[in-house]
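To start, the structure itself, in structure tokens.
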There are 2 protein chains.
Amino acid sequence: MTHNDAPGSKIPMVVIKRLPVYQRYLSELQKKEVERISSGELAAKIGITASQLRHDLSCFGNFGQQGYGYKVDDLLFEVNKILGLDHNIYMVLIGAGNLGRAVLSYPNFLSRGFIFKAAFDQKQPPVNLNIEGILVQPVRELESYLKEQLIDIGVITTPAANAQEIADILVAGGVRGIWNFAPISLKTPENVVVEHVHISESLLVLSYQLCHKGFGRLPVSY
Amino acid sequence: MTHNDAPGSKIPMVVIKRLPVYQRYLSELQKKEVERISSGELAAKIGITASQLRHDLSCFGNFGQQGYGYKVDDLLFEVNKILGLDHNIYMVLIGAGNLGRAVLSYPNFLSRGFIFKAAFDQKQPPVNLNIEGILVQPVRELESYLKEQLIDIGVITTPAANAQEIADILVAGGVRGIWNFAPISLKTPENVVVEHVHISESLLVLSYQLCHKGFGRLPVSY
DNA sequence: TAGATTGTTAATCGATTAACAATC
DNA sequence: TAGATTGTTAATCGATTAACAATC
């Protein structure tokens, strides 16, 4: 047992990006009430090698039993803990347009501990406008709101033109993570984590594949 | 010159996924009317090495000039061509809820040749419901619509429960690519390309980073 | 116990980077 | 021409896979 989560140790980003995939497949198994699974079976479902799965998990600890495999419940519990899903994460959303509403009503957020505490919009929202049970407030109240509430993540679904300004308010208000859907690169201090969702990138990859698809196999190595 | 786009040759997926990034930065430069750029300057903007940028581009051809660099217009033209953005790509969207509406109105699609030809929704839409100039039709007309129109890509923004059924209709209708936003793994024939958008994966990566962020540097190697 | 499967190490493979000859 | 920068090869680095001793 030489697992590697001491502060300063480096977990490769490529491993971290696979954790949500593991989380998803394990959640499905749990929903189906599957009790145990081996690295071979789970890897086959996901489409990776058993070696890779075990190797990835071993970055964080020893979660299986030789000769038996993994208890689905236990492994999911551990993966959730690694991802920080073992406690609630409080979020605000700014920009209650179509995209913002879609994100607010994204299924499964609540069940994973992501909780929208408030939503804000540029325009003065109609009195008591509610989306998914969240009251939409005018954005000028964001600053004072953040003074009163402890918020972990700010979700930006505004047009690109307003995104930087919102990010500045979020950072000043003590938010430590930004989930940015606006197509613009945000400038933020080093200690704030930003995840930028570039929806259109996957469309371009799709376009590439269609364009270069022969009649046989695809000229792509995964 | 030994570039590698003969049928059967393998362009690594990791290279293909960087092309949209190059496209985006080059578009920005073109908008700013920058005429030329060196691999060093462009790589610095993107946050990669000049070596990697040149190496990636050399998979597809020789687009620069020694001692000069790259003409922004020319390189963008070539990258667009590689991505298949040199001709129009016709799309239909199924599921005109919040997410669907957000995708329909996503900026810059039109300018890059992605054209929504029609939108469909499960519920009988109000007569002449228009979103972004696209008429929303009842989904039962999708099948016959696809017989009449040549559509490249189907965009699925329905709830998970309906996604497979829609995918089947799209495939039967001759669509070669599916851009799937529904949180479910679609079963499709080998010759159909599916890009699945897992929005929440990046939120989990954000959560991980927040959770493991020390007071110094992040324990993450990119 | 015998069989199965993990955790881990070592081998392989592929991607990134460095270096430089070619050349604009 | 001299200086700059490409395209490409070779070196390095890191990620994936294979193999197997440990052990449940």
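No experiment lies behind these values; they were computed from the predicted model shown. Lettering of chains follows the sequences in order, A, B, ..., and the numbering in each one begins at 1.
One can place CZ of A/F60 at 18 Å from C1' of C/dT6, the figure rounded to the nearest angstrom. Atom NZ in A/K10 sits roughly 11 Å away from atom P in D/dG14 (whole-Å rounding). The interatomic distance linking A/D56 (CG) with D/dG14 (P) rounds to 17 Å, in whole Å. Going from atom NZ of A/K71 over to atom P of D/dC24 covers 14 Å, rounded to whole Å. Rounded to a whole Å, the CG atom of B/L57 is 11 Å from the P atom of D/dT8. For the pair A/I48 CD1 and D/dT16 P, the interatomic distance rounds to 9 Å; values are reported in whole Å. Atom CD1 of B/I11 is separated from atom C1' of C/dA15 by 14 Å (rounded to the nearest Å). Counting to the nearest Å, the P atom of D/dT8 and the CG atom of B/L53 are 14 Å from each other.
A salt bridge links B/D56 and B/R18; the closest N-O separation between the charged side-chain nitrogens and carboxylate oxygens is under 4.0 Å. Salt-bridge formation is detected for the pair A/E201/B/R24: a Lys NZ or Arg NE/NH1/NH2 atom is positioned less than 4.0 Å from an Asp or Glu carboxylate oxygen.
Open room surrounds CZ on B/F77; 12 or fewer heavy atoms of other groups in view lie less than 6.0 Å from it.
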Open item on the list: Run A/E78 and A/K81 through salt bridge (Lys or Arg N to Asp or Glu O under 4.0 Å) and show every step you take.
Closed with: CA-CA 5 Å; A/E78 295 293 346; A/K81 203 162 77 178; 3.8 Å; yes
Open item on the list: With side chain to side chain contact (heavy atoms under 4.5 Å, CB included) as the criterion, how do A/K117 and A/M91 come out once you've worked through the C-alpha distance, each side chain's angles and the decisive distance to 0.1 Å?
Closed with: CA-CA 6 Å; A/K117 295 280 282 181; A/M91 312 202 289; over 6 Å; no
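Between B/H198 and B/H196, the two ring planes are parallel [angle under 30°; tilted spans 30° to 60°]. Classification of the B/H212-B/Y208 ring pair by plane angle, with boundaries at 30° and 60°, yields parallel. Taking the six-membered ring for Trp and thresholds of 30 and 60 degrees, A/F116 and A/F109 have ring planes inclined between 30 and 60 degrees apart.
Comparing A/Q65 and A/V15 by the nucleotide of DNA chain D whose heavy atom lies nearest to each, the residue mapping closer to the 5' end is A/V15. Nearest-nucleotide mapping onto DNA chain C: of A/S51 and A/Y68, the residue sitting toward the 5' end is A/Y68.
The side chain of A/N62 lies closest to C/dG7 when the candidates are D/dA15, D/dG7, C/dG7. Taking every side-chain heavy atom of B/Q66 into account, D/dT6 is the closest of D/dA15, D/dT6, D/dT23. Side chain of B/R54, nearest nucleotide from C/dG7, C/dT9, D/dT6: D/dT6.
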Task: Paired and unpaired positions of DNA chain D as dot-bracket, Watson-Crick or G-U wobble under 3.5 Å, | denoting a partner strand - done: ..||||||||||||||||||||||
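In this structure, the separation between NZ on A/K71 and CG on A/L26 is 15.0 Å, given to the nearest 0.5 Å. To the nearest 0.5 Å, atoms OG (B/S38) and OH (B/Y68) are separated by 11.0 Å.
For A/T49, a side-chain nitrogen or oxygen approaches OP1 or OP2 of D/dT17 to under 4.0 Å. Between A/Y70 and D/dC24 there is no side-chain polar atom (N or O) within less than 4.0 angstrom of OP1 or OP2.
Of the residues in residues 22-44 of chain B, those lying under 4.0 Å from DNA chain D by heavy-atom distance are B/R36, B/S38, B/S39.
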